[in-house]
Amino acid sequence: MTGFFDTRIEFLKGVGPAKAELLNKELQIFTFGNLIQHYPFRYEDRTKFHRIRDVSNSLAYIQLKGRIIRINMMGQGRKKRLVALFADGTGEIELIWFKGAQWMLQKIRAGVDYVVFGKPTLFNRKFNIAHPEIDLLTEANIDHAFLQPIYPSTEKLKVRYLDSKGISKLQKNLITITGQHIRESLSDRILDGHKLIPKKTALENIHFPKDQHILKKAQYRLKFEEFFYLQLRLIKLKLTRIEKFKGQVFNSTNILTEFYNNHLPFELTNAQKKVIREIYRDLKSGKQMNRLIQGDVGSGKTIVSFICMLVVIGNDAQVALMAPTEILADQHYKGLKPFADELDLEIAILKGSSKKSERKIIAEKLESGSLNILIGTHALIEDAVKFNNLGLAIIDEQHRFGVAQRAKLWRKNHTSAASGQSIIPHILVMTATPIPRTLAMTLYGDLDISIIDELPAGRKEIKTVHKYDSHRLEVFGFIRKQIVYGRQVYVVYPLIEESEKLDLKHLTDGFEAIKRAFPEYQIGILHGKMKAAAKDFEMSRFVRNETQIMVATTVIEVGVDVPNATVMVIENSERFGLAQLHQLRGRVGRSVHQSYCILMTNYKLTRESRLRINTMVSTNNGFDIAEADLKLRGPGDLMGTQQSGILDLLIADLGKDSKILEIARQAAQTVLEDDPNLEKEENFPIKQQVKSQRKSSVNWSRIS
Ligand code: ADP
Ligand code: MG
């Protein structure tokens, strides 16, 4: 946008310094540009009139056209109120004013026609409207029936007359003077090709829509534009990176072949093979890999990552694998150590709790290059950890790590004296949270994506049921039967200790109750506040089937792999989000035995909780669940990505507008393929827009 939209908001008619300060603080509106992009979040339809006869509880707001028949001042003192009986030929309804009654009494008259707008409430089995908006029914009123924009506002703003209506007035003042200042920000080719209305028309109609039809067009145009520039940036970022960063070439497959021929524990699934091929292609391409592996829980990501490690190690480079928790890091270490031993590779683990002496040995081996694989937690990204030649950094269960932490992995090699730069490792990110396509495109728009969309053969669908707390005995009976068959059980609680929520079944209470109910079995307990050694102890007892039931919090949510465990009981399951429930369920169903997930709740469930539970019961497919989650919660929540700054969308909605996103991404792709540096004249509007956005945007470099 041009300089006009950079004008400070206090210079707008109707604002001034005091209101400007409020707008700054409350809505982050600093400039004309910010205000015009403060879009309504809904519209009230003032194009239609209701009939009093049809008024019901299901109507939020109604607009009536009729006549005031009678006006009375009623009650005494604080109960004093003005009541007007309003009729439209189909029925009668009371209009009531508690505040400003005296003033209203001056304003309205019996026997005169009005248009009334407000929210009907039921009192003594009759509907009334308290504090309605009321206007004389004039010709103008009828002709100018319209869609009224409703703007986000805050209590503090409302006190200063900057409620939705107040903001609407400011928008009017602004729109009146913007005129020629609104610059078209998309090329003619895109406007024509996608049948988009001009920017100016879109902005005018998003605030003051003439009718539903043009409003839809305005919304589409602005959403398209928002997605278009988001995707343009992401795709550009990827292209630049491919150009700028050379990747080490890894093409020898000696160790890999040795592993395939003599040590592979099972036949890989086709999906695993496909993903390995995609990664191998990257590793020998000479370009730096930035790839995301998406695979549902249990799809076998670990072995895929190990096989990729072997390619890198076979070419004399080192590998790091970073996990979000110590339990997971341990598990990776224990899982991969036997393979590493068979292949004569050096593997080590580094955790926050690692001793100084251990750290020293690891540091030496890392620097000399004799350590092939380093597994660890956040401890890996501490500055002290330096590799001789890190060829590949793998990040497991990616969404637990922040963007900045990931970026640190890029700088784990010593700086080369010759170039003054350090060699950047290939990056492989693994996530078990299936991400809907639309979200992946946005969050990881600059990464290549590989999907493992197949579970190893012989897996049975996990049977999921919903049980009320009152059926606990039945559930205990079921658990006992499974243990008799030789299986093991998880019981998961949402909290660790007593909290203010007294209705919650607590972990420790639960542990005691289960101990009483199953005196003949060994019960383990696991939660986040335990010391690492104690967690370790409990976990390894469970792995060896020395404990049959593991009572735990969500520390077991990600990655834990005990194939003999076949029952997952989730207490207070209404307190968990869908993604989390799916993760927890993924801890079972890891062997040929039939597995079960039992979702416990009490009888009182909100509509949303019930939807979540029903979704879990009806599908095992992680992608379906992720889609449902996106619809229920919205994207920010879903990924915990607020920190990414990517999801601050002004008008578009990743959940609802995924079609527009795909179209806009395709359009951005087409533009950059044809004109990577936006040098063509037809793309001038796009280049301009990119420039003006760059000023205000987050640091996009090196987000992986
Ligand atoms: P996730 O993708 O959730 O990390 P894991 O890598 O932990 O899954 O694998 C889950 C389980 O499936 C592990 O016990 C693993 O050894 C096993 N597994 C992986 N791939 C195969 C396969 N192709 N055939 C049989 N079992 C497999
Ligand atoms: Mg895993």
Side-chain angles (χ1 to χ4, degrees), residues 259-260 263-277 279 291-310 321-340 342 349 373 375-377 394-401 428-435 449-462 487-488 490 539 542-545 554-566 568 579-595 597 620-623 625-626:
F259 181 69
Y260 270 145
H263 306 287
L264 195 65
F266 35 64
E267 173 81 6
L268 296 172
T269 64
N270 285 327
Q272 286 171 320
K273 286 183 198 162
K274 179 194 73 190
V275 170
I276 291 167
R277 271 200 302 274
I279 296 168
R291 190 172 280 280
L292 172 76
I293 302 184
Q294 266 189 275
D296 211 341
V297 277
S299 62
K301 294 183 289 295
T302 315
I303 193 82
V304 168
S305 70
F306 183 68
I307 286 166
C308 300
M309 290 180 188
L310 295 183
L321 169 58
M322 185 160 80
T325 64
E326 296 211 347
I327 291 180
L328 269 184
D330 280 334
Q331 187 176 293
H332 277 308
Y333 178 73
K334 282 176 196 146
L336 297 184
K337 177 95 167 75
F339 293 138
E342 282 173 12
I349 181 163
I373 305 170
I375 290 175
T377 56
I394 302 173
I395 306 167
D396 193 14
E397 311 297 356
Q398 185 266 347
H399 67 281
R400 292 277 175 113
F401 292 106
L428 188 61
V429 173
M430 301 196 288
T431 172
T433 307
I435 307 162
I449 299 179
S450 291
I451 299 178
I452 309 184
D453 49 6
E454 182 186 358
L455 295 181
R459 295 277 174 80
K460 294 198 177 71
E461 284 260 298
I462 301 165
R487 305 285 84 78
Q488 288 162 278
Y490 294 104
M539 205 52 225
F542 192 64
V543 169
R544 291 194 299 265
N545 199 357
T554 49
V555 287
I556 59 143
E557 175 190 341
V558 279
V560 169
D561 187 28
V562 182
N564 192 50
T566 58
M568 167 62 65
Q580 214 175 12
L581 287 173
H582 183 63
Q583 280 296 320
L584 285 168
R585 178 168 62 182
R587 298 310 106 215
V588 298
R590 305 189 143 241
S591 68
V592 293
H593 303 296
Q594 178 62 54
S595 285
C597 175
N620 265 296
N621 183 310
F623 285 92
I625 287 173

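Note that ligands are numbered from 1 as they come in the structure, with each ligand's atoms numbered from 1 the same way.
Taking the charged nitrogens against the carboxylate oxygens, E454 and R459 have no contact shorter than 4.0 Å, which rules out a salt bridge.
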> Which is it for L310 and F339 under the side chain to side chain contact (heavy atoms under 4.5 Å, CB included) test, yes or no, and what are the steps along the way?
Replying inline: CA-CA 11 Å; L310 295 183; F339 293 138; over 6 Å; no
>> Would Q272 and I452 count as a side chain to side chain contact (heavy atoms under 4.5 Å, CB included) here? Give the steps.
In response: CA-CA 6 Å; Q272 286 171 320; I452 309 184; 4.3 Å; yes
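In R459, the part holding a heavy atom less than 4.0 Å from any atom of ligand 1 is the side chain. Contacts of D561 with ligand 1, taken as heavy-atom pairs under 4.0 Å, involve the side chain alone.
Between G295 and ligand 1 there is no heavy-atom distance shorter than 4.0 Å. Distances shorter than 4.0 angstrom do not occur between any heavy atom of E454 and any atom of ligand 1.
Below 3.5 Å of separation, one finds no N or O of F266 facing any N or O of ligand 1.
In this structure, of E267, K301, Q272, the residue bringing a heavy atom nearest to atom 2 (O) of ligand 1 is K301.
By the side-chain contact (heavy atoms from CB on, under 4.5 Å) test, Q594 is found to be paired with K460, K463, Y596, residues two or more places apart in sequence or in another chain being considered.
Between Y490 and F542, the ring planes are tilted. Angles from 30° to 60° get that label.
When each atom of ligand 1 is checked for a heavy atom of S299 under 4.0 Å away, the hits are 2 (O), 8 (O). Using a 4.0 Å cut-off to heavy atoms of T269, the atoms of ligand 1 that qualify are 23 (N). The distance from ligand 1 to the heavy atoms of T302 drops below 4.0 Å at these ligand atoms: 4 (O), 5 (P), 6 (O), 7 (O).
The minimum heavy-atom distance between F623 and I451, with the atom names listed, is CZ-CG2, 4.1 Å.
Between I349 atom CD1 and Q331 atom CD the span is 10.5 Å, to the nearest 0.5 Å.
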